[in-house]
2 protein chains.
Amino acid sequence: MLAKDICADCAVRDQALCGSLDDQELVALNSIGQRRRVPRGATVMWAGDESVICANLLSGVLKLVASTADGREQIVGLLYASDFVGTPFADHADFTITALTDAELCVFPRQAFERVLEDHARMEHVLLQRTLRALNEARGRMLTLARKSAEEKIAGFLLDMASRAGSTGCRATPDGPLTFDLPLTRGQIADVLGLTIETVSRQMTKLKSAGVISLPGGRGITIADQNALELRAQAA
Amino acid sequence: MLAKDICADCAVRDQALCGSLDDQELVALNSIGQRRRVPRGATVMWAGDESVICANLLSGVLKLVASTADGREQIVGLLYASDFVGTPFADHADFTITALTDAELCVFPRQAFERVLEDHARMEHVLLQRTLRALNEARGRMLTLARKSAEEKIAGFLLDMASRAGSTGCRATPDGPLTFDLPLTRGQIADVLGLTIETVSRQMTKLKSAGVISLPGGRGITIADQNALELRAQAA
DNA sequence: CGCCTGGTTGAGCAACGTCAAGAACTGTGG
DNA sequence: CCACAGTTCTTGACGTTGCTCAACCAGGCG
């Protein structure tokens, strides 16, 4: 099978970095890449380890975790399908990367990938744009972590997840209530927002009591009143 | 005067992005650049504004501020001499950029700068590396903002400033106490660390009482016991 | 059925924010 | 040199938010 055929069935062929390559370039990249399945809970990369790989995320969700010496944790980023994984040009990984769901990666040896990057300005260009966007997002989240109340954090987070679910979620009428599954446990939501699991739970219950959302068991959630949620996402 | 001569007296000629260019390329870049002095307190760019410029910071310190609708603020980044200012490829600025000290910039129209970037892969490459580093730093700070105590934040911040002062600061013996001036007011420190001005002040007083630092009036500070400070920077 | 993981709820508490007053420093003009 | 205003900094009293600790509930699975 030719490399370009391998990539032809790639779910994120056009969304991922590779979208910037033509078929011929793709062959070159593909020759150093390798698919890898990662089960839920498995760690792809440990903070402090030598940085040996980069990857494209084909499916699933990964978390990027920073932690203190005494074990406190903070999720500093979530990676979804077509996102780029790893840090080129860094000797050591700064964060631990773990799969929150079963996931599939297209893995490259870091140094080989860097060489490809250097030969293909267009791909490096796309990576730069992605990195700039990630940086802006991280900085935006700094505001949330440092200055927003638990209620604002939860409301904002739910809106985020809702817009991400958007297409895959299910709603009765085009502008009516939206139902979808949260891809994270309460504990993971707490790790994203810089809260504790109890606070997350209480805020969710509060939103439910207020009729803003409902929680039909398990991971499911229905956004009943998006306006109310948006209001709470920026209440003082 | 030739462009390369203009740049020849640039204090950050080799540290800044331009360091990746040869003399000829520098002429091209310089033809679109322009020096600009910015007094302390002046705002270089407002969040939400159309993103019209990029720049290299020649001297001084800038702050990058995110704020909520109701006026709460968070400094999401500090920029020092030779740092790159602005976001290429973005239509709108996401953060407000303000001078904390008198500063000097080498300013480029954003779109012209983007064209230069596209023609000079080496420069784009350097910018990518910088952006990746900034991203890692921002993520690291997310951990601090969300999970560290006020004491840990202050201790870590002072160590940061100490290492940055390093050369310019003054110490009696090579490993003895280090004295330098903080470039930020208490209020600005609070904005960086996600605290209030009062909490910053109290923590500083506490460190002084413990004999870890001394505060010889004004902005001055002496790190008396760096080990003790490092310990407090990662205490539970 | 018991076990395990994840979620909810409650009571108490500590850290940090808020409000308020006053001290110290900076710069300006007399 | 001093008086003055304006800012920044410190300190205190008090309140609130969200964390800690602990118990209990619900669903999935051997």
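Every chain is numbered from 1, with letters handed out A, B, ... down the list of sequences.
No side-chain donor-acceptor contact under 3.5 Å links B:Thr222 to the backbone of B:Thr179. With A:Arg110 contributing its side chain and A:Ser51 its backbone, the two residues share a donor-acceptor pair below 3.5 Å. Looking only at distances, a side-chain donor or acceptor of A:Gln188 sits under 3.5 Å from a matching main-chain atom of A:Thr185. Side-chain N or O atoms of B:Thr131 include one that pairs as donor or acceptor with a backbone N or O of B:Leu127 at under 3.5 Å.
Taking atom CG on B:Asp191 and atom C1' on D:dT8, their separation rounds to 14 Å, with Å as the unit. Atom CG of B:Leu145 and atom C1' of C:dC16 are 15 Å apart (whole Å). The CG-C1' distance, from B:Asp70 to C:dT18, rounds to 15 Å in whole Å. Atom pair B:Leu182:CG and D:dT8:P shows a separation of 15 Å (rounding to whole Å applied). The CD1-P distance, from A:Ile197 to C:dT8, rounds to 9 Å in whole Å. With rounding to whole Å, B:Met204 atom CE is found 18 Å from C:dA24 atom P. Distance, B:Lys206 NZ to C:dA15 C1': 10 Å, rounded to whole Å. Nucleotide C:dA15 holds its P atom 14 Å from the NZ atom of B:Lys153, rounded to whole Å.
Residue B:Glu137 forms a side chain to side chain donor-acceptor pair (under 3.5 Å) with just one option from B:Arg141, B:Arg139, B:Arg133, and that option is B:Arg141.
Separating the CZ atom in A:Arg130 from the CG atom in A:Leu17 is a distance of 5.0 Å, to the nearest 0.5 Å. For the atom pair B:Asp70 CG and A:Gln234 CD, the distance stands at 8.5 Å (nearest 0.5 Å). Of the inter-residue distances, the one linking B:Leu79 atom CG with B:Thr98 atom OG1 reads 11.0 Å to the nearest 0.5 angstrom. For the atom pair A:Leu143 CG and B:Phe95 CZ, the distance stands at 8.5 Å (nearest 0.5 Å).
Residue B:Ser201 is in base contact, counting any heavy-atom pair closer than 4.0 Å across all strands shown.
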(message) Using a 4.0 Å heavy-atom cut-off to protein, can you give one letter per nucleotide of nucleotides 16-30 of chain D, 5' to 3': B if the base is in contact, S if only the sugar-phosphate is, - if neither?
(response) --SSBB---------
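Annotation: the terminal axes of the helix from C:dC1-D:dG30 to C:dG30-D:dC1 meet at 30°, where each axis is the rotation carrying the C1' atoms of four end pairs onto the next four (5 pairs per end, rounded to 10°).
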